[in-house]
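Just follow the structure's listing: the first ligand is 1, and inside any ligand the first atom is 1. Since the model is a prediction, treat every value here as computed from it, not as a measurement.
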Amino acid sequence: MDELRLNKLFAAFLFAALLLMAGIKIAEIMVPHQKLAQNSYVIEVAETTVLAAAAPVETGPEPILAMLAGADLGAGEKLSKKCSACHVFDAGGKNKVGPALWNIVNKPMAAAEGYAYSDALAGFGGNWDYQSLNAFLAKPKVYISGTKMNFGGLKKPKDRANLIAWMRVKADSPAALPTADDIAAEGGN
Ligand code: HEC
């Protein structure tokens with residue numbers, strides 16, 4: 001092979017390579033790279049265990065016992081307007097959509113005479129002490145799943161404390177306020 005032919009061959013080779021590179025560049029411009037929405041291959045993880053570990057622990061309502069003694073009864077009475085479409089708090093009050101609530105603090109649950117409770121509440125068991133009222137009024141349907149009380153709950157601990165303190169005095173003889181030991185046991189201060 002003479003030198004000229006070799007050169008020609010080399011030039012042709014070079015030209016072909018350039019053409020190829022240009023072609024790739026053009027293709028890249030015309031078909032831009034797309035980010036994949038997700039990995040094209042999905043790595044299977046034992047999802048249940050991961051989720052279980054990451055799931056938030058149900059912490060229950062914030063403590064309120066420490067707030068009861070100094071609660072604002074006027075604010076509590078105002079908050080009771082959120083309940084009065086369904087409940088009467090006064091002595092001798094009748095059952096409405098919900099049961100009558102006079103004397104409710106420390107009363108056994110589901111004990112209003114002549115009221116048709118849901119099976120969920122009727123079978124729950126226990127008394128309406130400060131802690132169960134706190135939990136129920138924070139998230140009624142979480143505390144007693146299946147209750148027919150259609151109320152979203154009072155998010156603010158202070159609101160619950162004010163309302164429960166007011167409910168406490170809507171009674172023949174108001175229940176004792178929590179002791180320092182009760183407060184410590186609840187985790188308040
Ligand atoms: C939309 C109506 C409605 C509203 C508003 C409502 N409740 Fe109720 N409540 C009910 C019903 C209905 C029940 C009975 C639940 C069941 O049987 O599951 C109930 C049950 C209760 C009980 C249990 C009584 C018992 O005898 O065991 C308490 C305590 C209570 N409600 C307090 C409140 C308070 C406090 C508020 C306001 C912050 C409130 N509810 C708002 C309808 C309502």
Side-chain angles (χ1 to χ4, degrees), residues 48 51-189:
T48 42
L51 280 180
V57 181
E58 186 59 64
T59 48
E62 304 86 342
I64 59 149
L65 292 187
M67 289 186 249
L68 288 179
D72 179 343
L73 298 189
E77 180 164 17
K78 262 196 202 137
L79 284 162
S80 75
K81 303 279 177 279
K82 290 180 188 278
C83 327
S84 54
C86 304
H87 292 287
V88 181
F89 291 89
D90 292 330
K94 297 222 158 35
N95 297 326
K96 298 208 310 187
V97 176
L101 293 180
W102 177 257
N103 268 342
I104 194 68
V105 176
N106 282 346
K107 186 181 176 183
M109 293 183 181
E113 198 103 353
Y115 184 80
Y117 288 94
S118 66
D119 292 344
L121 179 49
F124 198 75
N127 289 348
W128 283 119
D129 58 19
Y130 296 124
Q131 266 138 316
S132 52
L133 280 171
N134 183 29
F136 185 58
L137 296 183
K139 290 179 184 168
K141 294 196 186 241
V142 171
Y143 186 61
I144 300 185
S145 131
T147 179
K148 62 176 182 172
M149 171 153 137
N150 262 329
F151 179 72
L154 294 173
K155 281 207 185 71
K156 293 187 196 147
K158 193 153 197 79
D159 284 352
R160 297 197 300 273
N162 288 339
L163 178 58
I164 293 168
W166 177 79
M167 289 164 75
R168 167 182 173 268
V169 299
K170 303 297 280 178
D172 294 320
S173 58
L177 282 167
T179 64
D181 285 349
D182 295 337
I183 292 168
E186 189 203 29
N189 47 47

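Counting only heavy atoms from C-beta outward, the side chains of L133 and M167 approach each other to under 4.5 Å. In this structure, K158 and D72 have side chains that are not in contact, with every pair of non-hydrogen atoms separated by 4.5 Å or more. Using a 4.5 Å heavy-atom threshold, the side chains of M109 and Y117 count as separate. With a 4.5 Å cut-off on side-chain heavy atoms, L101 and K170 do not count as touching. Inter-residue side-chain proximity for W102 and D172 is flagged as met; some heavy-atom pair is nearer than 4.5 Å. In this structure, the side chains of H87 and M149 come closer than 4.5 Å at one or more pairs of heavy atoms. Residues L163 and C83 have side chains in contact (heavy-atom distance under 4.5 Å, counting atoms from C-beta outward).
Near L133, with a cut-off below 4.0 Å to any heavy atom, the atoms of ligand 1 are 29 (C). Near M109, with a cut-off below 4.0 Å to any heavy atom, the atoms of ligand 1 are 27 (O). Heavy-atom proximity to Y117, at under 4.0 Å, picks out these atoms of ligand 1: 17 (O), 25 (C), 26 (O), 27 (O). Atoms of ligand 1 found under 4.0 Å from any heavy atom of K82 (numbered from 1 in listed order, with element): 5 (C). Of all atoms in ligand 1, numbered sequentially from 1 with element shown, those under 4.0 Å from a heavy atom of L163 are 35 (C), 38 (C). If you number the atoms of ligand 1 from 1 as listed, the ones under 4.0 Å from a heavy atom of T147 come out as 15 (C), 16 (C), 18 (O). Atoms of ligand 1 found under 4.0 Å from any heavy atom of S118, numbered from 1 in the order shown, are 16 (C), 17 (O), 18 (O). Of all the atoms in ligand 1, the ones that sit under 4.0 Å from a non-hydrogen atom of W128 are 23 (C), 24 (C), 25 (C), 27 (O).
The distance cut-off of 2.8 Å around atom 8 (Fe) of ligand 1 captures these protein N, O or S atoms, sorted by chain and number: H87 NE2, M149 SD.
Checked against a 3.5 angstrom limit, the closest N/O atoms of N150 and ligand 1 fall outside it. At under 3.5 Å, not a single nitrogen or oxygen of Y115, backbone or side chain, sits near a nitrogen or oxygen of ligand 1.
R160 CZ to E62 CD: the interatomic distance, rounded to the nearest 0.5 Å, is 5.0 Å.
Within the set F89, F136, W166, the minimum heavy-atom distance to atom 22 (C) of ligand 1 is found for F136.
Under 4.0 angstrom from ligand 1, there are no non-hydrogen atoms of L79.
Within the 4.0 Å heavy-atom shell around ligand 1 one does not find A120.
In this pair, F89 and W166 present their aromatic rings perpendicular. The plane angle is above 60°, beyond the 30 to 60° band.
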- Message: Assess the residue pair N150 and K141 against the criterion (side chain to side chain contact (heavy atoms under 4.5 Å, CB included)); give the C-alpha distance rounded to whole Å, side-chain angles, the decisive distance to 0.1 Å, and a yes or no.
- Response: CA-CA 8 Å; N150 262 329; K141 294 196 186 241; 3.0 Å; yes

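Looking at Y115, its side chain does come within 3.5 Å of a backbone N or O of V97 through a donor-acceptor pair.
More than 12 heavy atoms of other residues, nucleotides or ligands shown are found within 6.0 angstrom of CG on D129.
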